[in-house]
Each structure stands twice: as structure tokens, then as C-alpha cells.
Protein chains: 2
Amino acid sequence: MAVSERGPRERMVFSAAQLIRRDGVASTGMREVAAQARAPRGSLQHYFPGGKEQLVNEAVGWAGRYAGNRVARFLAALPEPTPGGLFSEMVRQWTDEYGATGFAGGCPVAAATVDCAESSASTREAVAAAFAAWTGPVAGALVDMGVPRERAGALATLMISALEGAILVARAERDVRALTTVARELGPLLDAAVRQDG
Amino acid sequence: MAVSERGPRERMVFSAAQLIRRDGVASTGMREVAAQARAPRGSLQHYFPGGKEQLVNEAVGWAGRYAGNRVARFLAALPEPTPGGLFSEMVRQWTDEYGATGFAGGCPVAAATVDCAESSASTREAVAAAFAAWTGPVAGALVDMGVPRERAGALATLMISALEGAILVARAERDVRALTTVARELGPLLDAAVRQDG
DNA sequence: GCTCGACTATGACAGCGGTCATAGTAGTCG
DNA sequence: CGACTACTATGACCGCTGTCATAGTCGAGC
């Protein structure tokens with residue numbers, strides 16, 4: 001929750017992502033974003049002349065980049081990188097949050113997809129780009145671990161799909177069960193995709 | 001889109017589910033629901049004295065029951081029921097829709113989770129119940145196919161999580177790729193869970 | 001024919017949303 | 001000092017939303 005980082009513009013984008021992932025896009029007000037970012041309301045139209053749509057799109061883009069960047073950190077944290085280990089780390093980020101601070105928030109990209117996929121073309125594209133910015137590094141990591149290139153993209157999509165779905169179910173149930181379940185069930189499948197020769 | 005079924009009350013619940021899965025809960029207006037259901041606006045307060053929250057909860061409940069009931073139909077459509085085959089059918093329902101009518105709608109239960117998990121306790125419970133009404137039949141079907149009871153619940157959760165996530169990604173990308181990918185990758189894993197001893 | 005209940009029909013209201021208009025401040029350059 | 005730019009500060013506007021209040025219709029039952 002370190003909102004005090006960088007300039008007001010970045011704080012607003014960050015706060016928007018936070019509020020969106022908790023309440024959804026439509027229920028998140030511009031005034032609320034400015035307030036939480038401790039930024040002046042007048043700065044909204046100054047930094048985001050494109051209005052709410054622009055702000056949402058940037059928040060989604062930020063979230064996608066953030067998720068992509070986390071992949072490298074997860075890998076660095078693993079003593080011996082394996083696909084299943086990476087997936088466990090991705091899942092653990094969520095179980096940790098839910099255990100520590102409750103089930104208040106989901107994935108902002110998912111929220112934007114649900115709320116804007118049909119109503120805003122530019123946001124839909126931003127969401128697609130965010131998923132791509134996330135899937136790419138995951139697939140790259142799989143290749144580095146020895147997963148055949150043709151299969152890495154598919155497994156990355158599977159990992160992200162299962163994670164997103166499990167986040168939904170976990171929030172609904174207020175229980176991390178779904179998250180731990182997908183990690184446990186998918187781990188062996190992912191590890192088995194590593195090329196055994198060489 | 002057979003809106004002309006049953007009484008106006010059911011039509012409104014059904015229309016609410018339709019609109020929610022397309023635009024999200026917050027962006028769906030009560031007047032809009034009544035209009036699409038070709039029901040009088042005055043009937044809203046008559047049939048749903050609990051207001052929008054009640055209507056949303058019933059729509060979510062309806063969706064959960066619908067999903068649960070589909071499981072039996074999917075099984076009946078399979079010449080030889082297998083876990084992977086069931087999952088393929090579940091996925092195919094979505095690829096068919098997206099292929100035929102476009103990527104306008106997602107899962108209403110997911111939409112309600114994203115929009116209401118934190119803001120409305122009753123809706124959150126309705127969503128949890130909907131997931132339960134869906135997971136139950138899936139797990140039961142797996143048991144019938146020979147999956148060990150201890151494992152069936154976990155695999156059902158995995159199936160539904162992967163499907164929900166893939167729906168999100170597919171809508172974002174406007175491409176069924178994610179859906180077909182999870183079906184293909186998960187099929188062997190699911191089939192391998194069938195007890196091989198008679 | 002009257003009554004009573006179920007349902008329909010509208011109009012009003014209060015609140016909030018995003019956006020615009022306008023004015024103000026601060027700091028910097030020339 | 002004046003001017004110009006970056007940013008801040010408010011207030012107003014309009015559209016929309018959920019909800020309420022009130023009145024109307026319609027069909028049984030007796």
C-alpha cells in the first residue's frame with residue numbers, strides 16, 4: 001500500500017488499479033481514485049485528458065507490466081527453477097495476500113475484462129495487452145527451464161487461466177482452497193513438460 | 001435468447017443474468033433489465049422487493065443451477081464419458097457461443113464476483129453457492145467415471161477455475177485460443193485420474 | 001356490482017457519476 | 001518585472017441510477 005511513491009500521476013494509476021481490483025471498474029469513481037492517491041482532483045483532467053477510460057487503461061497496463069515483472073523475481077527466489085515451482089510462487093502471492101489482508105481484491109485485469117470487454121474497445125485492447133505482457137515472460141521462463149517452445153505458450157496460458165479462475169473462486173468462497181488446489185494439481189503436469197533429454 | 005419463456009418474473013431474472021454477464025453488475029440498470037425482459041418496470045419492486053441486490057442474487061443462483069444442470073446433459077451427449085470429454089464439452093459450449101455470436105458475454109457468476117465480492121455480502125454468498133452448485137455435479141460425474149472420491153473435488157475445482165480463467169482471456173483476446181488450449185492441455189491429466197483397476 | 005388481491009403504470013426524488021469551465025497558484029525563463 | 005507553462009482548486013452541469021409513492025387496471029370470488 002505504499003501510495004507515497006513517485007509523482008501524483010503514478011500514484012493515481014496505482015490507486016486506480018487498487019480500487020478497480022476491489023470494486024470493479026464501474027463502481028470505482030474518479031474522485032475516489034484521486035482521494036486515495038492523495039492527489040488533487042483537478043489533476044485528473046490534467047494528467048488524463050482522455051478521462052476515465054484512459055486512467056483505467058493505464059491502470060490495466062500497469063498491472064500487466066507488474067505481473068510480467070514478477071515472473072523474473074519468482075524465478076530468482078526459486079533454488080531450482082521448475083515450471084511447477086514457478087506456478088506455486090504465482091499462486092502463493094495470492095494465498096499470502098488473502099491470508100494476510102483478506103479477500104478484498106482480485107486481479108484488476110480480470111475486473112476490467114468483465115466490466116469493459118464489451119463496452120470499451122480501447123480497454124479491451126489494454127486488457128489483451130496486459131495478458132500478453134504477463135503470458136510472454138511466463139512462456140519465456142518455461143522455455144528457459146527446458147519446456148519445448150511449441151508447448152510453452154500453451155502451458156503459460158493454462159497457468160494464467162487456472163490462476164485467474166482460482167482467484168475468482170477463492171474470493172467467492174473466501175477460502176484459498178481453490179488456489180492451493182490448482183497449484184497442487186497442475187504442478188506435476190507442468191514439471192512433466194520439461195524436456196528430459198539433455 | 002428465448003426471453004418469452006414462463007412468467008415475467010423468470011424473464012427478468014434471466015435477462016438480468018444476460019445483461020450482467022455482458023456489462024457487469026454495476027453497469028446493468030434495473031430499467032434495462034425490465035426492458036429486455038419486456039416486463040413492466042413496476043413489476044421490479046413487486047417481484048423483487050429486496051431491490052437490485054435480490055435480483056442480482058437470483059440471477060447468480062439461476063446461473064449456478066443452469067451450469068450444474070448442463071453437466072448431466074454433457075454426459076448424455078458423450079458416447080463414452082471421460083473426464084477429459086466432459087471438460088471438452090464444457091469448453092465447447094463457450095467456443096460455440098463465441099464462434100456464433102461473438103465475444104459479448106462472459107460468465108455472470110464471474111461478473112458478480114468481481115463486482116460484488118467486496119461490496120455485498122449476500123451476493124458474495126450467492127456466488128459461492130453458485131460455484132458450489134456447479135462444482136458438485138462435476139465432481140459427482142468424475143466419481144461416476146471412476147475418479148477416486150478424494151480427488152474428484154479437486155479436479156472439479158481445477159476444471160472450473162481453468163474454464164473461468166480461459167473465458168476471461170478469450171474475451172480479452174477475442175479469440176477462443178485460450179479455451180481450446182486449456183481443453184487440450186487438461187484433457188490427458190483429467191483422463192489419467194480415472195482409476196485403472198476395473 | 002363490489003371488493004380484494006395481484007400486478008401494472010408513471011412520476012418524482014435524491015444521490016452520485018464523469019466531465020467541463022473557470023480561476024487560481026507556483027515556479028521558471030527571458 | 002512580465003510572461004508562460006505546469007499544475008491545482010472548485011463549482012456547476014447533466015445524465016443516469018435505484019428507490020419510493022401513488023394511482024391505475026384487471027380478474028376472481030361471492
Side-chain angles (χ1 to χ4, degrees), chain A residues 3-20 22-60 108 111-112 114-116 118-123 126, chain B residues 3-20 22-60 108 111-112 114-116 118-123 126:
Chain A
V3 185
S4 54
E5 50 188 36
R6 297 299 169 82
R9 194 182 195 285
E10 285 191 34
R11 288 208 309 274
M12 284 191 276
V13 172
F14 179 81
S15 292
Q18 292 253 115
L19 292 171
I20 286 169
R22 194 187 63 186
D23 300 321
V25 172
S27 303
T28 296
M30 301 282 274
R31 291 164 172 85
E32 197 184 355
V33 171
Q36 149 137 5
R38 271 188 284 293
R41 195 170 66 106
S43 297
L44 280 169
Q45 74 180 283
H46 185 255
Y47 290 113
F48 307 96
K52 186 177 189 177
E53 195 166 333
Q54 180 185 359
L55 176 59
V56 170
N57 293 357
E58 295 205 21
V60 167
V114 162
D115 271 8
C116 306
E118 192 59 14
S119 60
S120 159
S122 73
T123 302
Chain B
V3 184
S4 54
E5 51 187 39
R6 296 301 169 83
R9 193 182 197 285
E10 284 189 34
R11 289 208 309 274
M12 283 191 277
V13 172
F14 180 80
S15 292
Q18 292 254 115
L19 292 171
I20 287 170
R22 193 187 65 187
D23 300 322
V25 171
S27 303
T28 296
M30 300 281 275
R31 290 165 173 82
E32 197 183 355
V33 171
Q36 149 137 5
R38 271 190 284 292
R41 197 172 63 113
S43 298
L44 280 170
Q45 74 179 287
H46 185 256
Y47 290 115
F48 308 97
K52 186 177 189 177
E53 195 167 331
Q54 180 186 357
L55 176 59
V56 170
N57 294 356
E58 295 204 21
V60 167
V114 162
D115 271 8
C116 305
E118 193 59 14
S119 60
S120 158
S122 73
T123 302

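Here is the naming used below: chain letters follow the sequence lines, and residue numbers restart at 1 for every chain. Keep in mind that the numbers below use all heavy atoms, side chains included, and drop hydrogens, waters and symmetry copies.
Atom CZ of R41(B) is separated from atom C1' of dT25(D) by 17 Å (rounded to the nearest Å). Going from atom CE of M12(A) over to atom P of dC7(D) covers 10 Å, rounded to whole Å. Computed from coordinates, the D115(A) CG to dG18(C) P distance equals 13 Å when rounded to whole Å. Remark: P of dT17(D) and CG of L19(B) are 12 Å apart, rounded to the nearest angstrom. Remark: P of dT17(D) and CG of L44(B) are 13 Å apart, rounded to the nearest angstrom. Going from atom CZ of R11(B) over to atom C1' of dT8(C) covers 13 Å, rounded to whole Å. Atom OH of Y47(A) is separated from atom P of dT19(C) by 18 Å (rounded to the nearest Å). For R9(B) and dT8(C), the CZ to P distance is 12 Å, given to the nearest whole Å.
Ranked by how close their nearest DNA chain D nucleotide is to the 5' end, G42(A) and A26(B) are led by G42(A).
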### Query
When you look at F48(B) and E58(B), which way does the side chain to side chain contact (heavy atoms under 4.5 Å, CB included) test go after all the steps?
CA-CA 10 Å; F48(B) 308 97; E58(B) 295 204 21; 3.9 Å; yes
### Task
Could you check T28(A) against D23(A) for side chain to side chain donor-acceptor pair (under 3.5 Å), going step by step and ending with a plain yes or no?
CA-CA 6 Å; T28(A) 296; D23(A) 300 321; 4.7 Å; no
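Put simply, CZ on F14(A) and CD on Q36(A) are 8.0 Å apart, with the number rounded to the nearest 0.5 Å. Here the straight-line distance linking atom OG of S120(B) with atom CG of N57(B) works out to 5.5 Å at 0.5 Å rounding. Here the CG-CD distance, from L55(B) to E53(B), works out to 11.0 Å after rounding to the nearest 0.5 Å.
Closest to the side chain of R31(B), out of dT8(C), dG18(C), dT19(D), is dT19(D). For P40(A), the side-chain atoms get nearest to dT8(D) when compared with the rest of dT10(D), dA12(C), dT8(D). Closest to the side chain of Q45(A), from the set dA9(D), dG18(C), dA6(C), is dA9(D).
By the 4.0 Å N-to-carboxylate-O rule, R22(A) lies close enough to E32(A) to be salt-bridged with it.
Near DNA chain D, meaning a heavy atom under 4.0 Å away, the residues from residues 49-60 of chain B are G51(B), K52(B).
Residue T28(A) is classed as a sugar-phosphate contact, given heavy-atom separations below 4.0 Å to backbone atoms only.
Look at S43(A) and you'll find a side-chain N or O under 4.0 angstrom from OP1 or OP2 of dT8(D).
R41(B) contributes no side-chain N or O that, together with a main-chain N or O of R31(B), makes up a donor-acceptor pair within less than 3.5 Å.
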